[in-house]
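Take a look at the structure set out below.
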Amino acid sequence: MSKIIQLRLPVADGELVPYTLSGRAPIEAPAVPLKGRIAFSAAHVVCDPFAAAEPLLGAAVDWQATMAYRHHLWSLGLAVAEAMDTAQRGMGLDWLRAKELIGLSLKEAAYARGRIACGAGTDQLAPGPSVTIEQVIRAYEEQCEYIESRGGQVILMASRALAAAAKSPEDYEQVYGTILRQVSRPVILHWLGDMFDPALAGYWGSRDIGTAMDVCLRIIEANRDKVDGIKISLLDADKEVQMRRKLPRGVRMYTGDDFNYPELILGDEYGYSDALLGIFDAIAPVAAAAIHALDEGDLAGYQALFAPTVPLSRHIFQRPTYAYKTGIVFMAYLNGHQNHFRMLGGAEGARSIVHLSELFRMADEAGLLAQPELAVRRMKQVLALAGIE
């Protein structure tokens, strides 16, 4: 970047402070496949801002822009985790639209020869006191059958309906055992913590993480030939490492820890985690470049690339954690992957202008602004909407 670019950004006390862009060149990843780690990016969806449907009443998706972003991820060597919580699944994206998203993405993945796995949940079944374990099983069956009938790998998502209906760990063992016996290829299990979705508190039948982990491990051990791996999203590196070391041989740990991913992907003398991360949507070029560095044995390069993304990720995923999707889409907007900052359900309003301004600073310092001048113009538009000229 040849010229100095400056703008005024708000800080916590309401003051406007001049900020000069770092001038750092954007990070680019080499166009070669990743080798040493599997790295899924849980991809966001682009809403259609011109749809007549009210944002709170219907999910209107811009399919062309949404698919283009998946091709961008595949071009970097990343895999796509489709229709997950990053795509506002269950928080703006219902099962009807998720089916359409999954079907289209599987076709595009075949065309691009990109790796993909798709979320199967029970979101067509509203949680309630009358919901039975049998209904939860049928809901899972419907979604798994839809994905597998189209050649997709299943990510077995956590179920709000199951969390509400289950009376004991045995109910979880019944549901997961039934589904895992039926699937035609190994699935990725997904343990999503209640910081991401409060309705999932006490998953696996206990609010004690150690007890819940034992139940989950028991299910995996009983069905190890049907489990590719498990993603845990508890934002607790020690718990992830503890579980990783207890997994049966051949079952992968996919880190979902958006706070501690560099150390978990790097691993230790006992093993490492692959990745299935929402933050990889926002930091895709740097994530790919860092894993390429690891493939080449360049540990210093790996750490230097990832280091400035960690405070950015912790900022995006700060409480309320489930609002992280706003920061993910904001990054896509700044970088020209969509021409508006609108989201399903009006979720673009879930973060303050101070939060977004700090996100902008951090993205610049991490080399994540692909076109700095475009990013500045778009940041100024967002500031103007907040009353900052």
Side-chain angles (χ1 to χ4, degrees), residues 1 5 7 9 21 26-28 41-76 78 80 82-83 86-89 91-93 97-98 100-101 104-105 108 112 114 278-286 312 316 323-353 355-364 366-389:
M1 188 169 54
I5 303 178
L7 71 169
L9 297 174
L21 265 68
I27 304 298
E28 296 182 1
S41 169
H44 76 282
V45 296
V46 182
C47 84
D48 179 359
F50 302 115
E54 295 298 331
L56 295 177
L57 300 177
V61 178
D62 181 337
W63 297 114
Q64 183 175 358
T66 295
M67 291 302 112
Y69 196 73
R70 278 129 186 85
H71 282 277
H72 168 66
L73 295 171
W74 287 318
S75 75
L76 296 169
L78 299 173
V80 169
E82 188 55 276
T86 308
Q88 297 183 248
R89 184 75 179 272
M91 299 180 185
L93 186 75
R97 287 291 177 266
E100 191 171 0
L101 175 62
L104 285 171
S105 289
E108 294 295 319
I279 192 57
F280 275 15
D281 183 295
I283 67 166
V286 173
L312 170 68
I316 288 175
Y324 78 89
K325 306 164 192 68
T326 302
I328 298 292
V329 173
F330 185 60
M331 283 291 299
Y333 170 63
L334 290 177
N335 282 323
H337 294 292
Q338 53 194 81
N339 58 15
H340 59 85
F341 180 39
R342 298 297 301 272
M343 296 175 65
L344 303 182
E348 68 274 6
R351 293 296 199 189
S352 72
I353 191 61
H355 176 96
L356 297 176
S357 296
E358 183 62 19
L359 193 162
F360 177 89
R361 292 187 191 94
M362 291 176 155
D364 173 48
L368 281 163
L369 297 183
Q371 304 174 67
E373 292 187 19
L374 172 66
V376 167
R377 287 199 303 272
R378 292 189 164 188
M379 185 71 229
K380 286 181 176 179
Q381 290 173 350
V382 173
L383 290 167
L385 286 173
I388 300 169
E389 295 297 337

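Sequence positions, counted from 1, serve as the residue numbers for this chain.
Side chains of Val61 and Val46 form no contact here, defined as non-hydrogen atoms less than 4.5 Å apart. The shortest distance between side-chain heavy atoms of Arg377 and Lys380 does not fall below 4.5 Å. At least one side-chain heavy atom of His71 sits under 4.5 Å from a side-chain heavy atom of Glu108. Taking 4.5 Å as the limit, some side-chain heavy atom of Leu312 sits within range of a side-chain heavy atom of Leu359.
The distance from atom CD of Glu100 to atom OG1 of Thr66, rounded to the nearest 0.5 Å, is 10.5 Å. Here the straight-line distance linking atom CG of Leu78 with atom NE2 of His72 works out to 8.0 Å at 0.5 Å rounding. A distance of 7.5 Å separates OG1 of Thr326 from CD of Gln88, quoted to the nearest 0.5 Å. Remark: Leu374 CG to Leu334 CG distance equals 8.0 Å, nearest 0.5 Å. Atoms CD1 and OG, from Ile283 and Ser41 in turn, are 9.0 Å apart once rounded to the nearest 0.5 Å. We find the CZ-CG distance between Arg89 and Leu101 to be 8.5 Å, quoted to the nearest 0.5 Å.
Closest approach of Ala43 to Leu73, counting heavy atoms only: CB-CD1, 3.9 Å. Residue Ala370 comes nearest to Pro26 through the heavy atom pair O-CG, 3.6 Å, listed as atom of the first residue, atom of the second, then distance. When all heavy atoms of Ala366 and Ile27 are compared, the pair lying nearest together is O-CG1, 3.9 Å. Considering every non-hydrogen atom in both Leu76 and Pro285, the closest pair reads CD1-N, 3.8 Å.
Considering His337, His340, Gln338 as possible partners of Val329, the one that fulfils the side-chain contact (heavy atoms from CB on, under 4.5 Å) test is Gln338.
Among residue pairs with one or both ends in residues 44-59, none qualify as salt bridge (Lys or Arg N to Asp or Glu O under 4.0 Å); sequence neighbours excluded. Listed by first and then second residue, the salt bridge (Lys or Arg N to Asp or Glu O under 4.0 Å) pairs that reach into residues 57-72 are Arg70-Glu82, sequence neighbours excluded.
Residues passing the side chain to side chain donor-acceptor pair (under 3.5 Å) test with Thr86, sequence neighbours excluded: Tyr324. With sequence neighbours excluded, no residue satisfies side chain to side chain donor-acceptor pair (under 3.5 Å) with Arg378.
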Distance-only criterion, 3.5 Å: show the donor-acceptor pairs between side-chain atoms of residues 382-389 and protein atoms not counting sequence neighbours.
none

Can you list, pair by pair, the side-chain donor-acceptor contacts under 3.5 Å of residues 342-350, counting residues two or more places apart and other chains?
unit_1: Arg342; atom_1: NE; unit_2: Glu348; atom_2: OE2; d: 3.0
unit_1: Glu348; atom_1: OE1; unit_2: Met343; atom_2: N; d: 2.9

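Ring planes of Phe330 and Tyr333: tilted class, angle from 30 to 60°.
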**Study point:** Test side-chain contact (heavy atoms from CB on, under 4.5 Å) applied to Met379 and Leu9, step by step
**Key:** CA-CA 9 Å; Met379 185 71 229; Leu9 297 174; 4.1 Å; yes
